[in-house]
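My structure is below; once you've seen it, I'll send some questions.
Chain identifiers are assigned alphabetically (A, B, ...) following the order of the sequence lines, protein sequences preceding nucleic acid strands; residue numbering begins at 1 within each chain.
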Amino acid sequence: MLGQTCRKITGSLNVSPRIEFKRYLWRNSICQQKIDITLKYTDEASGSKANKEPTLYEKFLKNPKSVPLITSRKLENCNKYRQPRQAWLETLSTVEDHKLGMLDLHPDIFAVHPRLDILYHNLRWQEFYKKIDYNWTPSRGDLDVSGGKQMPQKGTGRARNRNRSSIMFRTGAKPLGPKGPRALFYMLPKQYRVQGLCTALSFKYAQNNLHIVDSLEIPTDDPEYIQDLIDTRFWGFSALFVDDTDYMPENITYALAEFPSYNILPVYGLNVRDMLKHETLILTLAAVEKIEQKLLFHSSRNKRSSKFSMDTRYDQY
Amino acid sequence: MGIEKALRLVKDLPRVALNNIKNSPMDQKKPHNLRRGWGKNKTHGRGHKGQGQRMTLPKLGFETGHKPFYLRVPQEYYYEGHHLKRQYPPLSLLRLQRMIDMGCLDPNEVIDISSICMTGHYHLHVDRRHYGINLTEEGAEKFSTPICIEVQWASEMTIATIERLGGVIMTRFYDPLSLIALQDPETYFKTGKPIPKCKLPPTDAVEYYSDPKFRGYLADPEKIAEERVALSQKYGYDLPDLSESDKLSLLLKRKDPRQIFFGLHPGWIVNLTEKKILKPKAEYLQEYYHS
C-alpha cells in the first residue's frame, strides 16, 4: 500500500514539466552528444578495425611531414579594409613543435584596438561583482548606552551635552560609518565585456602568447610529457588550455592535474582575468570557431534585436 | 593613433598581466573638495553670512525678478541653418557676354568654372559655402555667342538662350575640396597636393544633377536631347543642328564625373617649375583614384 503511494508520488514528480525540461536539456546538450558519439565509435572500433581510415592524428604519428594542410578558414563578415591575422596550427601529439598549417583569424576579434582601460574595467568587475562588504560600525542608536544627561546643563566649566553616544565624545559613535553587509554587485555593460575578451585575445596574439592547436589529445597521461612539451616550446610558467566543450580528453586531464599553473577551461569559462593571469593561451580549433561565432554575434547585437526565449538559450548548457 | 600602429608597439612592450594594467586618467573622477586644507579653516572659502555662505544663491541667469535676457530674446527659426546651406553666387548672362567681348573668356574653348574665376571678375569663396556658379537670366536678350559652358546652377531661360544660339550648357557638381583646386589652379599646384577625385553630389542635390531638364551631368544623354527639342518648342525658336556646326569637337567635350580638369586625371601631381606630371604607381592608389 505504502509502496504504491510512493510510486504514484514519484510518478507524478517525474512527469512534472520542470524536470522534463531539464532532462530534455541534458539529452540535447552537446556534452551528452559527445558521450554518445564516443560510445558509438568505440562500439564500431571494437567491431571492425580494418576498414577504418587512419585519423589525422594517427597519420601524423607515423610521419609528421605527411600531413601538410593549409586550412584557410572562412571568416564571417570580414571588413574588407582590414587584413585577417594569421596563426600557426600546432599539435600537442609530439613534444617537438610541428606545424600542421596556417589559419586566418578574424581581425575584429584578434586585432582589436589594444585598450588597457577596457581590460581594467573587466578586471575590476570580475573582482567586485562577487564582493560583499561586511563592515559595520554602530551609530548613535546602536550603542549600548544609557539615555541620561551626563552632567548638568550649567555650572560645570565644560561644554553642554546629553548622553555618551554623541559623536563629539571620545567614546561616542562614528557618524555615517559603514552599515552592514553591503553588496558591491554591478553588471558591466555588455559591450565592455565583449570588447574585453576581444582585447585580451588581441594582446595575447600581438605578444606571441597565443597558440592554436588541433585538439587537446596527448599520447600519454604522464605529467612529464606535458612539462617537456611546454619547456621545449618556451610557453612559460603558466598556460591556459581552452577547449570548446567541458568534456576533455582523458590523458590531458590526468596529466595537468599535477600542475596548479597549467589549467584547462571550456569556452564558456573564458574570462579576461584568467587570460591575463596565465602567460600563454592555447586554443583548440573548435574553440576558436566557437569564440569567433559568439563574440561576433554579441558585438553586433543590441537591445532591439535581442529577445529572451528558452528556445534560444538551451544550447548554452 | 591607428590600431595597426598600436598593435605593432604592443609587440615589443612587456607582457600585459594583472600587475601592469591601469585605468585611463580621463576616467578617474576628482574627489569632492572638502576645503579642510591650510588657509581654508573657519569660513571654508565662503565669506561671511548671506546667501553665499548659507547655500541659498539664486539659479543661474536670474536677474532679481525682471525678465532675464535668456527669456527676453525669442528664438527665430526662419534663418535656422542658413549659414550651412549651399550657396551659388550669381553670374548674369550680361556679365558673361561682357567678359567674352573684352577678351577675358575664349568662346573657342570650354568655359569652365576655373576659367571664369581666373578672369578676376568673378569671386568664389569656398569657406563661405559657395558651391559654384548660378547663371542668371539678366542679359538674355543681349547674349549672342554660341559657347560651351559648364555651371553649377542654371534656370530654364538661361538654358534656352544658350541653346538657341547653338551652344551647349551643362550643370555639374563639384565638392568643396575640388573647388579649392578649381578656383585657383596655380596656387593649388604649388602646394604639391595631388589633384582630388571629385565626389558625387549630396542626397538633396542628386535629383537636380540627374534631371535632363537642367542638363545635369548624371542625366541620360538621350533624354537631354529630347528636352532640348521640348524647350525649343516651349520658347518658340528653331533648334540649330549641332552636327553641322564647326565647333562640334568642342561642343562634345565632356569631363568624367570624377575628373576636375580637362586632360588631367585625379591623383596626378603637377610640378609647374620643372614642367612635369607625377602619376601614382602603387596599386592601392590607382584603385582609389579609378573607383
Answer yes or no: are there more than 12 heavy-atom neighbours, outside B:Glu207 itself, under 6.0 Å from its atom CD?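 It does not: B:Glu207 CD has 12 such atoms or fewer within range.
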Looking at NZ of B:Lys11 and OH of A:Tyr205, how far apart are the two atoms once the value is rounded to the nearest 0.5 Å?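 So the gap between those two atoms works out to 8.0 Å.
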Just so I know, are the side chains of A:Arg82 and B:Ile3 near enough to count as touching, which here means a heavy-atom distance under 4.5 Å?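 Counting from C-beta outward, A:Arg82 and B:Ile3 do come under 4.5 Å.
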Non-hydrogen side-chain atoms of B:Leu7 and A:Arg85 separated by less than 4.5 Å: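 Side-chain contact under 4.5 Å: yes.
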Considering non-hydrogen atoms only, spot the tightest contact between A:Gln207 and B:Pro14 and give its length.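 So the two residues come closest at NE2-O, 3.0 Å.
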Are there over 12 heavy-atom neighbours, none belonging to B:Arg46, within less than 6.0 Å of that residue's CZ?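 Above 12, so yes.
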For the interface with chain A, which of B:Lys22, B:Arg15, B:Arg8, B:Glu4 has the highest count of heavy-atom pairs at distances below 4.5 Å?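 Heavy-atom pairs under 4.5 Å are most numerous for B:Arg15.
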Chain A neighbours within residues 266-291 of chain B, where any heavy atom lies under 4.5 Å away: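 Under the 4.5 Å heavy-atom cut-off, nothing qualifies.
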Taking atom CD of B:Gln28 as the centre, does the number of heavy atoms from other residues, nucleotides or ligands within less than 6.0 Å exceed 12?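 It does: B:Gln28 CD has more than 12 such atoms within range.
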Looking at B:Tyr77, I'd like to know if its OH atom is crowded, meaning that more than 12 non-hydrogen atoms belonging to other residues, nucleotides or ligands lie closer than 6.0 Å.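 Counting neighbours around OH of B:Tyr77, 12 or fewer heavy atoms of other residues, nucleotides or ligands fall under 6.0 Å, so no.
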Does atom CG of A:Leu176 have more than 12 heavy-atom neighbours, drawn from other residues, nucleotides or ligands, at distances under 6.0 Å?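 For A:Leu176, atom CG is not crowded (no more than 12 foreign heavy atoms under 6.0 Å).
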Between A:Leu123 and B:Ile21, is a side-chain contact (heavy atoms from CB on, under 4.5 Å) present by the stated rule, with each step listed? CA-CA 9 Å; A:Leu123 289 172; B:Ile21 290 173; 3.7 Å; yes
Atom CG of residue position B:Leu84 - does it have more than 12 heavy atoms of other residues, nucleotides or ligands inside 6.0 Å?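 Yes, enclosed.
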Return yes when atom CE of B:Met55 has more than 12 non-hydrogen atoms of other residues, nucleotides or ligands closer than 6.0 Å, and no otherwise.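 Result for CE/B:Met55: open.
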Residues 272-283 of chain A: residues contacting chain B (heavy atom under 4.5 Å, by number):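 Residues in range: A:Arg273, A:Leu276, A:Lys277, A:Glu279.
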At a 4.5 Å cut-off on heavy atoms, which part of B:Asp27 comes close to chain A: side chain, backbone, both, or neither?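 Looking at B:Asp27, just its side chain touches chain A.
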Residue among B:Leu18, B:Asp12, B:Asn23, B:Val10 with most heavy-atom pairs under 4.5 Å to chain A: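 When all of B:Leu18, B:Asp12, B:Asn23, B:Val10 are compared, B:Asn23 has the most.
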Atom OH of A:Tyr186: over 12 foreign heavy atoms under 6.0 Å: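 Yes, OH of A:Tyr186 has more than 12 neighbouring heavy atoms, counting only those of other groups under 6.0 Å.
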